[in-house]
Structures are given as structure tokens and as C-alpha cells.
Amino acid sequence: MAITGASGAVYARRLAQCLLGSDVCVHLVVSPHGARILADELGVTNLSPEALVGGPAPQAVLHQHRDVGALLASGSFLTDGMVICPCSSNTLAAIAAGTADNLITRAALVTLKEARRLVLVPREMPLGQIELANMLRVSQAGGIICPACPGFYLRPQTVAELVDFVVGRVLDLLRVPHVLRTRWSPGAADSSGSGPE
Ligand SMILES: Cc1cc2nc3c(=O)[nH]c(=O)nc-3n(C[C@H](O)[C@H](O)[C@H](O)COP(=O)(O)O)c2cc1C
């Protein structure tokens, strides 16, 4: 799991909490701009897996952003996949261009070349032709573009519900079971007990 310098640190925290709560070993890489936004948006200053999730994180390993000699930099290190959440347009562009000068982009490109699951969660608006073209290129290479774009059909009442909607969809794409409320069915909105008013 990588965290880059797009707004939406709250998505990263919730995703890390859910992954670690699902018995998944998480190798974490945070870009310098990602760290800045974790500090700005969540008040996480002394970065560690524990500080990110706000509790114990025994199954998490934090790697240095510039360490392209870390385990994740090699296709011989077996992973189930990789998620970048949130994913900046900068990191998206680097992956689309095949540039691997830090551990996040190197690991992402390794994930693609090894035909493993790569999920990018961009948060940018509006999207210009360059971002759209980069998304298309990564998608054509096998990556999955999953924008931080919550649905409203379950009538969310809180920000936490909006965050869970996005995180739940990411977990689905990573094939990690969860119980977050994301699934549409006829009458699902009514079962929330309150309307959108
Ligand atoms: C406060 C702040 C918020 C930002 N939000 C976004 C954003 O939502 N999406 C985005 O693509 N870039 C955003 N940026 C710009 C990126 O942080 C910048 O392009 C940076 O180079 C990304 O580096 P990284 O990909 O190594 O993390 C933001 C920058 C700052 C300082």
C-alpha cells in the first residue's frame, strides 16, 4: 500500500485499518508529499503504521520512499497486489510513463509487469486530457483506476460512511473481504433508516 500527495488521507487511514483488520500483511510506502498531507489532514506527524491507523499494527512494515532496494522493488517478492490510496496525478503520470525512481513507482511497475493487481485511487478534479490519458495508459497496462468518488444511493449520513463506500470498493478490487456498507440492492437505501433530508 502506498500513500501519495493527493488529498484524502482519511481514505488511506481507513483502508490501512481494514487491511490490517483482515489479517493482511501490509507493506507501506509513503511519499514525502503523502506524509505532508497525512500531517495536514490527520495530524499524523511522526509517521509509523501505528500512527497511521491509530493503534497497534503488528502486520505492517514501513519502507523508505527512496529505497528502491527494498523487497517490494523486486518481482521475486510475492505480493497479492498493490494499492495507491490516494494516488496523486504526479505518481499516476510516473507510472504511465514507466518511470521508477522511487519505491512507489518501482513497486507499481513491478506489480504491472508481474501481472498482479494494481489499484490506483486518484483524487483530482476536474480531470484534464493528460490525467485522462495517463489513466487510460495504466488501465491498458492492466491497472485498475478507482477514483475516490463515493456513491450516494445508500443515503450516507456521515463523512465516515462516504469514506467507507470508497474504501469498501477498493477492498473488493483487492479481493479482501469486508463488511463495509457498499452494496446496492432494491430497498438498500431505505434500510438505512433515514432519508436524505
Ligand atoms: C495540500 C496539497 C493538496 C494536494 N492535493 C492533490 C490532490 O488532491 N490530487 C493531486 O493529484 N495532487 C495534489 N497535490 C499535488 C501533489 O502533492 C504534488 O503533485 C506532488 O508532487 C505529488 O508527489 P507524490 O506523487 O510523490 O506524492 C496536492 C498538494 C498539496 C500541497
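Both ligands and their constituent atoms are indexed starting at 1 by order of listing.
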ask   = Who else is in Met82's hydrophobic cluster (ILVMFWY, side-chain heavy atoms under 4.5 Å, direct or via others)?
value = Val29, Leu71, Leu72, Phe77, Ile84, Leu92, Ile95, Leu103, Ile104, Leu109, Leu112, Leu118, Leu120, Leu127, Leu132, Met135, Val138, Ile145
query = With hydrophobic residues grouped by side-chain heavy-atom distances under 4.5 Å, do Leu162 and Leu180 end up in a single group?
reply = no
query = Is there a chain of hydrophobic side chains (I, L, V, M, F, W, Y, each step under 4.5 Å between heavy atoms) that links Leu42 to Val166?
reply = yes
ask   = Which pairs with one or both residues in residues 3-21 pass side chain to side chain donor-acceptor pair (under 3.5 Å), sequence neighbours excluded?
value = Ser7-Glu41, Arg14-Asp164
remark   = Distance filter under 4.0 Å, heavy atoms only, around ligand 1 gives Thr4, Gly5, Ala6, Ser7, Ser31, His33, Arg36, Ile37, Ser88, Ser89, Asn90, Thr91, Arg123, Glu124
ask   = What residues form a side-chain hydrogen bond (donor to acceptor under 3.5 Å, both in side chains) with Ser88, not counting sequence neighbours?
value = Thr91
task = Return the orientation label for the Trp184 and Tyr153 ring planes: parallel under 30°, perpendicular over 60°, tilted otherwise.
result = perpendicular
